[in-house]
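A short worksheet on the structure shown next.
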Amino acid sequence: MAREYNPKEIEKKWQDIWDKEEPFKAEIDRSKPKYYTLVEFPYPSGEGLHVGHPRPYTAMDIIARKRRMEGYNVLFAMGWDAFGLPTENYAIKNKIHPKIVTEKNVARFKAQLKSLGYSFDWSREINTTDPEYYKWTQWIFLKLFEKGLAYKAEMPINWCTQCKVGLANEEVVNGVCERCGGQVVRKVKKQWMLKITDYAEKLLNDLDKVDYTEKIKTQQRNWIGRSEGAEVDFKIKGTDECLRVFTTRPDTLFGATYMVVSPEHPIIDKYKDKIKNYEEIQKYKQEASKKSDFERTELVKEKTGVELKGLKAINPVSQKEIPIWISDYVLMSYGTGAIMAVPAHDERDWEFAKKFNLPIIEVVKGGNVNEAAFTDTESGILVNSDFLNGMEVSDAKKKMIAWLEEKGIGKKKVNYKLRDWVFSRQRYWGEPIPLVYCEKCGWVPVPESELPVTLPDVENYMPTDTGESPLSNIKDWVETTCPKCGGKATRETDTMPQWAGSSWYFLRFTDPHNNKAFASKEAIDYWMPVDWYNGGMEHTTLHLLYSRFWHKFLYDIGCVSMPEPYVKRTSHGMILGKNNEKMSKSRGNVINPDDIVNEFGADTLRTYEMFIGAFDQSAPWSQQGVKGCRRFLDRVWRLMDIVVDGDSYSNELETKMHQTIKKVSLDFEQMKFNTAIAAMMSLVNDFYAVQKINKAELKTFLILLNPVAPHITEEMWQELGFEGRLYNQKWPKWIEEKTVENTVEIAIQINGKVRSTVSISIDDDKATVKEKVMSNEVIKKNIEGKSIVKEIYIPGKIYNIVVK
RNA sequence: GCGGGUGUGGCGGAAUUGGCAGACGCGCUAGAUUCAGGUUCUAGUGGGAAACUAUGCAGGUUCAAAUCCUGUCACCCGCACCA
């Protein structure tokens, strides 16, 4: 009898051996093909690891371990995305420096991850808060600044009243702060912005070049939100000015019966004197400014607005005079902040026109514009539109654009929903933006030789009530000299958002200790691009887009040699609490992976997380399910009691062995870990059914299971006296012909209903099978006295007899 | 509202170039081992006494449908007045 399976003991043992022997250390080796597997590096929160973390990590660890056994040189590394609000908030509350908090959290996370036996190359560990790391984050920012892709703009930003910090649009979820749930209002601030919109087209088009799941591509496309249309200038009556609008329906220009501008539109102040109801307008503006974008666009169902009395526009095609309104359903941040309203063919305009009694002119036939807006763009013939009459919508669009361009009052235009990236945070715990402001020279970059601009040590990192960064209180840090003229200058006190460090970390992994460049050309050329990147659905818009943007920029300036950073991107589902609800502290349903490791072992946790369900779908946690996986590993362990000699697969198990190798190999590639494990469980059941397993079979089995449960398999390998280490064995191959059983049982159906089964040889031809079928007693009885209409034989599957 | 997804035993889930629905695991039932067992082993386990009947619901195509088509309901996720 073998000793008892004791995961506590053997897991620690092997983790120590891996630390010492460093088998997962990745070095450039041109004799092998490289493979770069990547998981999202975590934010080391104070709560420690969550059971959600090991799901993607184990999945990619399986891929990494399998790839190594297939002969690849694998890069798989881990690090810490450690800047961020929770750490800073904790630091403020407990009066501990965020650096100390971070160190503590990282130590905890690292110990937890180590206890799970991942094959990370720990010598490549990185930390975004390390000055040696953020030096290069700052360096990339300066390159962006140099190329004019970073600029400061006065922006109405989302202001979280609780965190006292500006948020990007994307960080506002349902009108509240994504992090703290606090109320978000609009506030105007000077912000550093990154011109991601310059890359909108490339970010969109290059999605065709990469292997992301369709779901992910769709989300990226939606977020970029490309729409084609035209810009059209409307003359403002009695002035030389034009009001420019963006429209996707230039064909409906004859139906434009009024215009609407956003409350922030500059035209209002410009023609202050002409507007007769200026006070009323001011009042409306003030109310609108109190609302967040969310409230303006979400909560207010009923359209509101005020006419700009005294101002009129001229419809450029009909020459008719039309009124101009302001309304908060028009956003300054999209298009030109002004629209032409075609109530007959736009639902929002139609609603607005009905409410304020504005004229509705039908210009596309097909609906009843008194009842509802007719918005079909596929079909429909133009009417009431002079030179467009009788044309199809699509032709009319082209014709109108040509006409506008000829007259010089409009042009074809592509717009994107994607907006520039608000890159400033008024916070302490982030990368300082490496710029100084000089009265004479303006914004001047800190010279490369002086990077990194480090965070000063301070007593107090409380945010200021004015919305300035805590850094602004530190005089001797803020006051500096201008690198250009040597005069007095002040440092930028805003810091970068958390997205910054994670926008290029995958590049740093290729060469993490380089102090001459963010990574050497050699390392980048060898390791990049990332072959397989798995992460959460919650990061498939922002992080993925931002990091693709930075990478494309680095490509354009010649720092990397491929336009896309990730060849393949997949995503995992969430792990939920018992009752299918999100795990959260407030619900009290959080499972701590440490407890599972302590009670059952890391291999059990890993196996369970992979067995829990389809990888890309969310799945509820079940303590019973964990037990089942432990039971499986116990059974695997006890295989040592029934092992016999043999250096090739036994006759009775040969087919099953080849089937399992095939199933596991292919399922791992498709991230169908649950069915791969099921196949291995089934194989183990067979070993017990025949009450023996020979060494050849056991070797193969241990290799197959090793990526999932690396400790127990490695221990058994050693215990059984097999040569070398399991982790550098070769991945087994299957022989296709040997995956097929010689004899199979097929179903016999009468009129599509299974009546009996029959055993046939795989080589039997139809006639032979028919003979066997027809001599079956049950079938004989069933077709007695009936006439056979048709017989269908699907080789090796089914024999169906249609009778009357 | 738009986009994407999911509905299968008591539970997690398998099976989709249409071909024996319920693999694998949990739970449950019975028996064996055990001083004992939250251990292990053996057998059984969708419903129904049975004919039969079962993949959210209603139709359709087919020799054959969880899988294809039409309609419909429910839930989840993302986006949300983007002109």
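Residue numbers start from 1 in every chain, and the chains themselves are labelled A, B, ... in the order their sequence lines are given, proteins ahead of strands. Side chains are part of it too, since the values below use all heavy atoms of this structure and drop only hydrogens, waters and symmetry mates.
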Any idea which heavy atoms bring A/Val636 and A/Val684 closest together, and the distance?
-> CG2-CG2, 4.2 Å

Once you round it to whole Å, what is the distance between P of B/rG19 and CD of A/Glu745?
-> 18 Å

Whole-Å gap separating P (B/rG78) and CG (A/Leu544) | 17 Å

Whole-angstrom distance between B/rA74 and B/rC57, as gauged at atom P | 15 Å

Checking all strands, does A/Ala614 fall into the base, sugar-phosphate, or nothing category for heavy-atom contacts under 4.0 angstrom?
-> sugar-phosphate

Partner nucleotide of B/rU45 by Watson-Crick or wobble geometry (both distances under 3.5 Å) | B/rG27

Take the protein atom CG of A/Leu683 and the nucleotide atom C1' of B/rA23, then report the distance between them rounded to whole Å.
-> 14 Å

Per-nucleotide protein contact along nucleotides 2-8 of chain B, 5' to 3', at a 4.0 Å heavy-atom cut-off (B base, S sugar-phosphate only, - neither), is -SS-S--

Exercise: do A/Thr304 and A/Tyr284 side chains pair donor with acceptor under 3.5 Å = yes

Listing time: all N or O pairs from protein to nucleotides 63-65 of chain B that are below 3.5 Å?
| unit_1 | atom_1 | unit_2 | atom_2 | d |
| --- | --- | --- | --- | --- |
| B/rC63 | O2' | A/Asn800 | ND2 | 3.3 |
| B/rC63 | O2 | A/Asn800 | ND2 | 2.5 |

Do the side-chain N or O atoms of A/Lys355 get closer than 4.0 angstrom to the phosphate oxygens (OP1, OP2) of B/rC81?
-> no

Ignoring backbone atoms, establish whether A/Gln219 has a side-chain N or O less than 4.0 Å from OP1 or OP2 of B/rG78.
-> no

Separation of A/Leu639 CG from A/Phe701 CZ (nearest 0.5 Å) = 6.0 Å

Cut-off 3.5 Å, side chains only: do A/Ser682 and A/Lys656 have a donor facing an acceptor?
-> yes

Decide if the gap between the ring center of A/Phe352 and the ring center of A/Tyr258 is smaller than 6.0 angstrom.
-> yes

For nucleotides B/rG25 and B/rU67, find the distance between their P atoms and express it as a whole number of Å.
-> 27 Å

Given A/Arg226 and A/Glu201, is the side chain to side chain contact (heavy atoms under 4.5 Å, CB included) satisfied, shown in steps?
-> CA-CA 8 Å; A/Arg226 183 180 198 273; A/Glu201 192 80 34; 3.5 Å; yes

Is there a donor and acceptor pair, one atom on the side chain of A/Lys417 and one on the base of B/rC79, closer than 3.5 Å?
-> no

When we call it a touch if two heavy atoms are under 4.0 Å apart, what does A/Asn674 touch: a base, just sugar-phosphate, or nothing?
-> sugar-phosphate

At under 4.0 Å between heavy atoms, which parts of nucleotides 34-55 of chain B does protein reach? Answer with one letter per nucleotide, 5' to 3': B base, S sugar-phosphate only, - none.
-> ------SS----------SS--

Find which nucleotide of RNA chain B each of A/Thr248 and A/Met681 is nearest to by heavy atoms, and output the residue with the more 5' nucleotide.
-> A/Met681

Side chains of A/Asn415 and A/Ser227: do they bring a donor and an acceptor to under 3.5 Å?
-> no

In whole Å, what is the span from the CD atom of A/Gln670 to the P atom of B/rA14?
-> 13 Å

Does any N or O donor sit under 3.5 Å from an N or O acceptor when you compare the side chain of A/Arg419 with the base of B/rC82?
-> yes

Pairwise C1' distance for B/rU6 and B/rC82, with rounding to whole Å | 29 Å

Run the numbers on A/Asp634 and A/Arg638 for salt bridge (charged side-chain N to carboxylate O under 4.0 Å, His left out), then give the verdict.
-> CA-CA 6 Å; A/Asp634 279 323; A/Arg638 288 196 309 270; 5.1 Å; no

Any side-chain N or O of A/Ser227 less than 4.0 Å from the OP1 or OP2 oxygen of B/rA83?
-> yes

On a heavy-atom basis, the closest approach of A/Ala396 and A/Asp251 is CB-CB, 3.7 Å

Figure out the CD/C1' separation between A/Gln659 and B/rA23, and round it to whole Å.
-> 13 Å

